[in-house]
Amino acid sequence: GIQVEQSPPDLILQEGANSTLRCNFSDSVNNLQWFHQNPWGQLINLFYIPSGTKQNGRLSATTVATERYSLLYISSSQTTDSGVYFCAVGPNYGGSQGNLIFGKGTKLSVKP
Amino acid sequence: DGGITQSPKYLFRKEGQNVTLSCEQNLNHDAMYWYRQDPGQGLRLIYYSQIVNDFQKGDIAEGYSVSREKKESFPLTVTSAQKNPTAFYLCASSMDRGLEQYFGPGTRLTVT
């Protein structure tokens, strides 16, 4: 089945710094989502981005489907950005088509 | 407010007992999903349902059962056959299978 790799696994930033999180996937997809999991476990939708570029405030994301990767940019980080960021992809063929396959996440800690 | 609710937030059970986790959505979504998350890991798909009265096994269905009698509801039963039931369980829904998924707040199940 499709493999999803996120990097780095852990990231520590000083408040105000910028960061880039990466998601590589091993096969073609028709769905890609970025989530932020807060300390209480809630998964918050950040982007639905099977291809192209989107921006939402200090966050932006780019997916290059032909090269099988997606990037999440966080600018001017704040302590409230801390948590785990997940990338999840939906294969566009096979038995898992329509489902989401999750990476293991990037754990971000923003220090004041 | 439209959203997905899960209850209870925390659940404690003795080994050998079946337990049912509730998931309700008022988003008018056709597709619903159950995921399991273990510490430090991404989410893994247990079951999904594309439409009422239909559901399919995900990647880790052994020891679990579901029903989908109403569009709004997709309860998950963790049976005594599940070898390692202690985990964080998340329910999700989407307008249709393969489209953007939205998650509930989760249920933390502890079995001793």
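As the structure is a computational prediction, the values presented were derived from the model and not from experiment. Naming convention: chains lettered A, B, ... in sequence-line order (proteins, then strands); numbering from 1 in each chain.
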Exercise for review: Side-chain contact test, heavy atoms from C-beta onward, threshold under 4.5 Å: evaluate it for B:R44 versus A:I101 and give yes or no.
Suggested key: no
Point to revise | Within residues 68-81 of chain B, residues adjacent to chain A where the heavy-atom gap is under 4.5 Å | key: none
**Study point:** Contacts of residues 15-24 of chain B with chain A (heavy atom under 4.5 Å)
**Key:** none
Side chain from CB out, backbone as N, CA, C, O: work out which of these in [X] comes under 4.5 Å of a heavy atom of chain A, or both, or neither.
| X | answer |
| --- | --- |
| B:L90 | side chain |
| B:R108 | side chain |
| B:D59 | side chain |
| B:Y102 | both |
| B:L45 | side chain |

Single-linkage hydrophobic cluster [X]~[Y], side-chain heavy atoms < 4.5 angstrom:
| X | Y | value |
| --- | --- | --- |
| B:I60 | B:Y47 | yes |
| B:F88 | A:F35 | yes |
| A:F86 | B:F103 | yes |
| B:Y89 | B:F55 | yes |
| A:F25 | A:L100 | no |

Check your understanding: What are the residues of residues 103-112 of chain A, in order of number, with any heavy atom under 4.5 angstrom from a heavy atom of chain B?
Key -> A:G103, A:K104
**Study point:** Any residue of residues 40-69 of chain A which, by heavy atoms, sits under 4.5 Å from chain B
**Key:** A:W40, A:G41, A:Q42, A:L43, A:N45, A:Y48
**Study point:** CZ on A:F102 to OH on B:Y35, rounded to 0.5 Å
**Key:** 5.0 Å
Check your understanding: So does A:E15 have more than 12 non-hydrogen atoms from other groups sitting under 6.0 Å from CD?
Key -> yes
Point to revise | Contact class of A:Q37 relative to chain B, heavy atoms under 4.5 angstrom | key: side chain
**Study point:** Pick from B:Q101, B:Q41, B:Q37 with the largest number of heavy-atom pairs that fall under 4.5 Å of chain A
**Key:** B:Q101
